[in-house]
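Input: one structure, supplied below.
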Amino acid sequence: MEYRKLGRTGLKVSELCMGSMQFGWTADEGTSFVVLDKAFEAGINFIDTANIYSRWVEGNPGGVSEMIIGKWMKSRAISRDRLVIATKVRGRMGDGPNDEGLSRTHILRMVEDSLRRLQTDYIDLYQTHSPDPNTPIEETLSAMDILVRQGKVRYIGCSNYPAWQLMEALWASDRQGLARFDSLQPHYHLAHRQEFEQELATVCRKYGLGVIPYSPLAGGFLTGKYKRDHMDAGSARNVSRYFTEQNWALLDLMAEISGELGGKSISQVALAWLLSQEVITSPIIGPRNLEQLEDNLGAVGLRLDAAMMQRLDQATRWK
């Protein structure tokens with residue numbers, strides 16, 4: 001397992017990050033423990049969650065993923081400094097008018113809830129889940145700065161920010177001497193490139209932000225499980241946007257490359273494409289069982305050569 005610096009920080013994270021949106025949703029607590037055990041044994045030290053996971057599921061109040069991770073850490077008696085725990089704040093966690101957003105009030109209350117659920121006294125990376133148009137960025141950053149100074153948070157990051165808002169945040173931190181975002185969590189994979197590559201990639205390179213892409217397998221599309229001539233409309237409803245001739249041709253090319261790599265899976269090629277880019281720190285995987293995790297782990301150490309990268313670039317190029 002390769003460990004990479006998270007942006008300009010001194011923090012070292014594994015080349016794959018364990019995502020946890022599935023914990024308490026498509027993976028029950030017992031399965032989640034098995035997946036976490038195997039991931040840790042394989043050298044993954046980076047775990048990403050969010051306080052809202054997975055509030056959209058019936059009977060799930062939110063915070064369940066954090067609770068599972070906290071219970072797992074405690075039950076395994078893992079030394080806290082062996083793990084890098086990242087979580088997020090922004091989403092609605094109650095019915096009141098101040099139960100969502102990035103106000104100082106909401107952030108300072110939500111961090112205490114996350115710490116309690118995770119059964120830890122600090123969060124390594126505290127991220128804003130998406131921008132909040134109703135709160136000045138200076139207020140959000142000053143609240144995050146308080147948490148860093150208190151030692152409850154080590155570093156801060158953001159997710160789903162367009163380039164102009166990311167730059168606004170970086171300038172505000174510089175101007176007011178506040179903690180700054182040291183990472184970006186973008187939606188980025190072979191079938192969804194433009195959003196990150198058009199402007200965000202340049203900002204991250206210039207200002208030294210770590211990049212931890214979510215949905216690196218396009219919700220399962222880049223595993224090859226869906227076929228042109230055999231699709232279950234019900235199970236495919238969340239990835240049907242990728243059902244284009246360009247993307248079917250992409251899967252054919254990825255299958256070809258997987259054969260050239262000695263039988264690596266299509267999903268491993270998708271992860272390797274990200275891992276082969278200097279700007280990428282750690283793609284966030286989301287296995288809901290041991291079989292999926294073991295497949296993901298097959299991408300560890302896998303890098304594509306320049307010719308393979310060029311072929312994939314040409315097949316998915318945006319204008």
Side-chain angles (χ1 to χ4, degrees), residues 1-20 36 39-51 65-66 69-70 72-73 76 78-89 107 111 114-115 118-129 140-141 143-161 166 169-170 173-174 177-186 188 196 200-201 203-214 216 271 274-275 277-286 296-297 299-301:
M1 183 72 66
E2 179 181 325
Y3 296 90
R4 302 173 168 189
K5 280 184 61 179
L6 182 67
R8 65 172 193 171
T9 77
L11 198 61
K12 298 285 186 66
V13 297
S14 50
E15 63 187 279
L16 292 179
C17 175
M18 173 56 64
S20 64
L36 284 164
F40 185 68
E41 177 187 323
I44 292 179
N45 73 337
F46 193 16
I47 301 174
D48 178 75
T49 186
N51 63 350
S65 173
E66 289 182 330
I69 293 167
W72 172 76
M73 287 194 296
R76 301 310 192 251
I78 297 172
S79 177
R80 181 64 182 83
D81 60 8
R82 296 189 64 190
L83 292 170
V84 176
I85 304 296
T87 191
K88 310 180 200 75
V89 61
I107 288 173
V111 74
S114 287
L115 289 168
L118 288 165
Q119 300 190 52
T120 184
D121 57 3
Y122 69 94
I123 294 163
D124 295 282
L125 180 65
Y126 201 37
Q127 303 157 99
T128 54
H129 212 150
T140 297
L141 290 168
M144 294 293 221
D145 188 73
I146 288 170
L147 297 178
V148 171
R149 293 177 186 277
Q150 289 177 338
K152 294 177 180 178
V153 167
R154 298 292 192 251
Y155 303 98
I156 65 172
C158 62
S159 179
N160 297 305
Y161 275 50
L166 178 55
L170 294 173
S173 292
D174 183 61
L178 301 171
R180 58 152 255 184
F181 292 144
D182 278 314
S183 67
L184 171 71
Q185 189 174 136
Y188 183 47
F196 175 68
L200 283 165
V203 174
C204 291
R205 289 189 189 96
K206 172 68 175 177
Y207 294 96
L209 274 74
V211 180
I212 48 179
Y214 68 85
L271 291 170
L274 287 166
L275 289 167
Q277 299 183 51
E278 187 177 354
V279 72
I280 300 301
T281 306
S282 181
I284 301 172
I285 57 174
N296 294 161
L297 290 173
V300 170

Checklist entry - Which residues pass the side-chain contact (heavy atoms from CB on, under 4.5 Å) test with Asp182, sequence neighbours left out? => result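 side-chain contact (heavy atoms from CB on, under 4.5 Å) list for Asp182, sorted by chain: Arg8, Thr9, Tyr155, Arg180.
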
Next on the checklist: Please enumerate all residues that pass side-chain contact (heavy atoms from CB on, under 4.5 Å) together with Arg149, with sequence neighbours excluded.
Outcome noted: Asp145

Checklist outcome for this item: Output for pair (Ile44 CD1, Met1 CE), nearest 0.5 Å, gives 4.5 Å

Checklist entry - Would Arg4 count as a cation-pi partner of Phe46, with NZ or CZ less than 6.0 Å from the six-membered ring centre and within 45° of the ring normal? => result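 No, Arg4 does not sit over the ring of Phe46.
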
Next on the checklist: Using modelled atom types and a 3.5 Å cut-off, is there a donor and acceptor pairing between side-chain atoms of Arg80 and backbone atoms of Tyr122?
Outcome noted: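 Yes.
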
Next on the checklist: Keeping Ser65 on the side-chain end and Ser20 on the backbone end, is there a donor-acceptor pair under 3.5 Å?
Outcome noted: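 Flag set: sc Ser65 to bb Ser20 pair under 3.5 Å.
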
Checklist entry - So, does Asn45 use its side chain to make a donor-acceptor pair with the main chain of Val84 at under 3.5 Å? => result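 Not at all, since once roles are kept as given, no pair shorter than 3.5 Å links the two residues.
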
Next on the checklist: For the OG1 atom of Thr281 and the CD1 atom of Ile212, what is their distance to the nearest 0.5 Å?
Outcome noted: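 Separation between the atoms: 7.5 Å.
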
Checklist entry - With distance as the sole test, does Tyr3 use its side chain to make a donor-acceptor pair with the main-chain N or O of Gly43 at under 3.5 Å? => result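 Looks like yes, one N/O pair under 3.5 Å.
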
Item to check | Partners meeting side-chain contact (heavy atoms from CB on, under 4.5 Å) with Lys5 (sequence neighbours left out) | outcome: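 Scan of Lys5 (side-chain contact (heavy atoms from CB on, under 4.5 Å), adjacent residues dropped) gives Lys12.
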
Checklist entry - What pairs with Thr87 under side chain to side chain donor-acceptor pair (under 3.5 Å), at least two apart in sequence or on another chain? => result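 Here the qualifying residues are Glu66.
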
Item to check | Test side chain to side chain donor-acceptor pair (under 3.5 Å) applied to Ser159 - qualifying residues, sequence neighbours left out | outcome: none

Checklist entry - With Asp81, which residues qualify under side chain to side chain donor-acceptor pair (under 3.5 Å), at least two apart? => result Ser79

Could you list the donor-acceptor pairs under 3.5 angstrom formed between side-chain atoms of residues 203-210 and any protein atom two or more places apart in sequence or on another chain?
none

Checklist entry - How many angstroms lie between CG in Leu297 and CG in Leu271, if you round to the nearest 0.5 Å? => result 10.0 Å

Next on the checklist: For Gln277, give me all partners under side chain to side chain donor-acceptor pair (under 3.5 Å), at least two apart in sequence or on another chain.
Outcome noted: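 Checked Gln277 against side chain to side chain donor-acceptor pair (under 3.5 Å); matches are Tyr188.
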
Next on the checklist: Closer than 3.5 angstrom, by distance alone: can the side chain of Glu15 be matched with the main-chain N or O of Glu2 as a donor-acceptor pair?
Outcome noted: yes

Checklist entry - So how far is it from Leu178 CG to Ile146 CD1, rounded to the nearest 0.5 Å? => result 9.5 Å

Checklist entry - Under 3.5 Å, is there a donor-acceptor pair between the side chain of Lys88 and the main chain of Tyr126? => result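 Between the backbone of Tyr126 and the side chain of Lys88 there is no qualifying donor-acceptor contact (under 3.5 Å).
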
